[in-house]
Asker: 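Before I ask anything, here is the structure I am working with.
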Amino acid sequence: MATLNAGKETNTRHYFYQMGTLFTVCVFCACFYWLSKSSKSVASQRTGGPRNIVQGTVFINGTAPIGRTDHDFICATLDWWPPDKCDYGTCSWGKASFLNLDLTNPILLNAIKAFAPLKIRLGGTLQDKVTYERLGEPCPTFVKSSSEMFGFSQGCLPMSRWDELNNFFKQAGAVVLFGLNALSGRTIAADGSAVGAWNSSDAEFLMRYSVNKGYTIHGWELGNEVSERGVGTRIAADQYASDINNLQMIVQTIYAGFEVKPLVLAPGGFFDANWFTQFINKTPRSLQVVTHHIYNLGPGVDDHLIDKILNPSYLNGGSQPFRSLRGILKTSGTPAVAWVGEAGGAYNSGHNLVTNAFVFSFWYLDQLGMASSYDTKTYCRQTLIGGNYGLLNTGTFVPNPDYYSALLWHRLMGRNVLSTTFSGTNNIRAYAHCAKASKGITLLLINLDGNTTVKVHVANENVTSNGTLVTQQQNQTTFSGMSRGSNIDVSTREEYHLTALNGDLHCQTVLLNGNILSVNSSGSVPPLEPIETSQSDPITGAPFSIVFAHLANSTVPACEYVD
């Protein structure tokens with residue numbers, strides 16, 4: 001039996017090795033295919049090269065943090081969409097629904113474990129058409145139907161699958177958030193709005209079942225994109241607030257004996273200032289997290305997505321919902337905090353070889369930096385797997401470039417956010433946080449220019465007790481005893497440079513410091529090792545590249561305490 005098991009293990013590892021090799025070959029072919037299409041897309045003409053060199057300075061104000069994220073800021077979603085969910089003639093979901101996802105795949109398990117922990121939000125459009133299986137009652141599957149809202153009939157979550165999911169998430173160390181059906185008990189009026197009070201009986205059943213089974217749910221979210229500007233229908237702010245107050249009472253009752261109770265989240269919709277203001281003002285003690293969704297690049301079918309991603313002015317426009325929601329929360333006095341509950345950038349499942357390719361890390365990391373600077377606590381990426389915007393490839397589970405971008409952020413960027421500005425070129429996006437679990441600062445630089453190498457100097461800005469702003473070049477002074485570890489010379493810094501294979505933005509193969517990142521034959525995520533450079537040298541941002549730099553010897557008041 002031992003020999004047989006060993007043989008099975010060897011065969012399994014050999015299978016994943018073959019799959020990984022085949023996938024890499026396919027990706028290389030895709031990269032060369034896109035490189036050959038030089039006349040059909042402006043984006044495909046953009047491959048990085050060291051043609052120009054410019055100097056620039058990033059100014060980091062470490063007097064006090066401008067925002068503070070959750071320690072597990074990075075979050076990813078799993079959706080309900082069946083395999084026959086199609087957009088623009090392409091069906092990109094496969095078996096990525098958490099109803100049929102292969103939970104035995106070692107890459108999936110290892111990809112989640114690598115975050116230790118990763119928040120995972122279970123939800124999406126079809127959650128508002130789902131019932132939860134009860135003994136002796138039918139549990140239908142989703143059936144595609146053009147006459148139905150959202151394009152599918154009502155579906156059901158089997159409790160056997162709920163058991164499997166919770167066991168898997170416990171093994172993976174995931175932090176679970178679940179989206180409840182907000183349309184239960186309502187009717188759709190002639191104007192398309194959903195009217196009537198929420199019927200909470202199904203939600204109460206699922207909560208009690210979960211408590212009895214010992215499942216830990218970090219938060220229960222009511223509804224998906226059914227607030228103002230809803231997809232398919234909408235619920236008035238007053239009614240939604242009343243339903244959230246009811247949900248909070250239910251959570252308090254069912255979890256009465258628990259020292260830590262699940263969060264109540266809502267509305268999981270597109271930001272509308274007037275609607276969100278009314279909703280927040282009427283849930284002052286019942287709502288812990290205000291969630292909103294980001295798809296600011298437009299439809300996935302758009303051929304100009306990369307033009308938007310590489311346009312600094314367009315990226316700047318993405319700050320509006322973060323800024324507005326922060327203002328509403330401050331004015332209302334609510335203890336609730338802001339999360340991005342779902343963000344895929346381009347709606348209707350994204351765009352193959354754009355939202356699942358290297359170029360999307362520019363948009364994604366810029367969003368993470370921007371959101372955190374406006375005090376967003378958690379950012380949930382659509383999706384962990386599924387559609388054309390997954391962190392993992394839908395068919396092979398192999399990590400896409402954004403997976404590694406997310407993992408580097410999670411490991412390097414601490415909770416305290418620092419005010420950061422850049423001078424020298426508009427094509428550099430710069431964000432800085434206190435370093436995670438270490439002394440100093442972590443700086444993120446994104447070079448949107450495919451023709452220019454940027455030499456970046458770092459300057460710390462601090463306000464003295466008399467209000468004077470003092471600026472100091474980071475490489476002018478070395479502070480002893482401020483390194484990540486005793487073996488690191490404070491005269492050096494750690495850098496992580498991400499680039500696309502052959503500089504092609506459409507590639508799904510990413511290089512870290514010049515080395516291809518790929519899972520091994522056991523499905524394990526590769527180590528993410530930095531290079532060490534001299535603290536006195538500027539940081540070099542190659543064309544179309546991303547750089548994380550750990551400045552271990554930067555001492556600023558905002559980062560006095562490591563968390």
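Note: hydrogens, waters and symmetry copies are ignored here, and every other heavy atom, side chains too, is used.
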Asker: For the residue pair Ser147 and Ser145, confirm or rule out a side-chain donor-acceptor distance under 3.5 Å.
Answerer: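 Yes, side-chain donor-acceptor contact under 3.5 Å.
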Asker: Kindly determine whether Asp87 and Ser349 satisfy side chain to side chain donor-acceptor pair (under 3.5 Å), including the steps that lead there.
Answerer: CA-CA 7 Å; Asp87 303 279; Ser349 304; 2.6 Å; yes
Asker: Is it the case that Trp409 and Tyr364 place a side-chain donor and acceptor less than 3.5 Å from each other?
Answerer: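 No pair is found: no donor N or O on one side chain lies under 3.5 Å from an acceptor on the other.
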Asker: Assign the ring pair Phe322 / Tyr374 to parallel, tilted or perpendicular, where the plane angle (0 to 90°) is split at 30° and 60°.
Answerer: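 Plane angle under 30°, so parallel.
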Asker: Determine, using ring centers only, whether Phe98 and Trp80 are less than 6.0 Å apart.
Answerer: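 Yes; Phe98 has its ring centre under 6.0 Å from that of Trp80.
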Asker: So, Asn352 and Asn356: side-chain donor and acceptor under 3.5 Å apart, yes or no?
Answerer: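 Side-chain D/A pair, Asn352 to Asn356: present.
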Asker: Does the ring center of Tyr132 lie less than 6.0 Å from the ring center of Trp162?
Answerer: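 For Tyr132 and Trp162, the ring centres are not under 6.0 Å apart.
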Asker: Give a yes-or-no answer on whether the side chains of Thr355 and Asn388 include a donor-acceptor pair shorter than 3.5 Å.
Answerer: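 Per modelled atom types, Thr355 and Asn388 side chains form no pair under 3.5 Å.
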Asker: Kindly compute the distance separating CZ (Arg411) from OH (Tyr496), expressed to the nearest 0.5 Å.
Answerer: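 So the gap between those two atoms works out to 9.0 Å.
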Asker: Kindly compute the distance separating CG (Asn348) from NZ (Lys85), expressed to the nearest 0.5 Å.
Answerer: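 That separation rounds to 5.5 Å.
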Asker: Between Ala194 and Arg186, which heavy-atom pair has the shortest distance, and what is it?
Answerer: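 In this case the closest contact between Ala194 and Arg186 is CB-CD, 3.9 Å.
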Asker: Any side-chain donor-acceptor pair under 3.5 Å between Ser184 and Asp202?
Answerer: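 Per modelled atom types, Ser184 and Asp202 side chains form no pair under 3.5 Å.
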Asker: Taking all non-hydrogen atoms of both residues into account, name the closest pair between Thr378 and Lys119 and its distance.
Answerer: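 Reported closest heavy-atom pair: OG1-NZ, 2.6 Å.
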Asker: Establish, from distance only, whether the side-chain atoms of Asp243 and Gln239 form a donor-acceptor pair under 3.5 Å.
Answerer: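 Side chains of Asp243 and Gln239: pair found under 3.5 Å.
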Asker: What's the shortest heavy-atom distance between Val175 and Asp72, and which atoms?
Answerer: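 Minimum heavy-atom separation between Val175 and Asp72: CG2-OD2, 4.1 Å.
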Asker: Between Arg161 and Asp163, does the salt bridge (charged side-chain N to carboxylate O under 4.0 Å, His left out) criterion hold? Intermediate values first, please.
Answerer: CA-CA 5 Å; Arg161 183 58 174 179; Asp163 295 338; over 6 Å; no
Asker: Measure across Leu505 and Phe362 and return the closest heavy-atom pair with its distance rounded to 0.1 Å.
Answerer: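 Leu505 and Phe362 have their closest heavy atoms at CD2-CE1, 4.0 Å.
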Asker: First locate atom CG of Leu384, then atom CG of Leu101, and finally report the distance between them rounded to the nearest 0.5 Å.
Answerer: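 Separation between the atoms: 8.0 Å.
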Asker: Tell me the closest heavy-atom pair linking Pro399 and Ile107, and the distance in Å.
Answerer: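 Shortest heavy-atom separation between Pro399 and Ile107 comes out as CD-CG2, 4.3 Å.
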Asker: Evaluate Asp366 against Arg429 for salt bridge (charged side-chain N to carboxylate O under 4.0 Å, His left out), listing each step before the verdict.
Answerer: CA-CA 7 Å; Asp366 190 69; Arg429 315 290 288 181; 2.8 Å; yes
Asker: Quick one about Thr77 and Gln382 (side-chain donor to acceptor, distance below 3.5 Å, no hydrogens or angles considered), yes or no?
Answerer: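 Judged by distance alone, the side chains do pair up.
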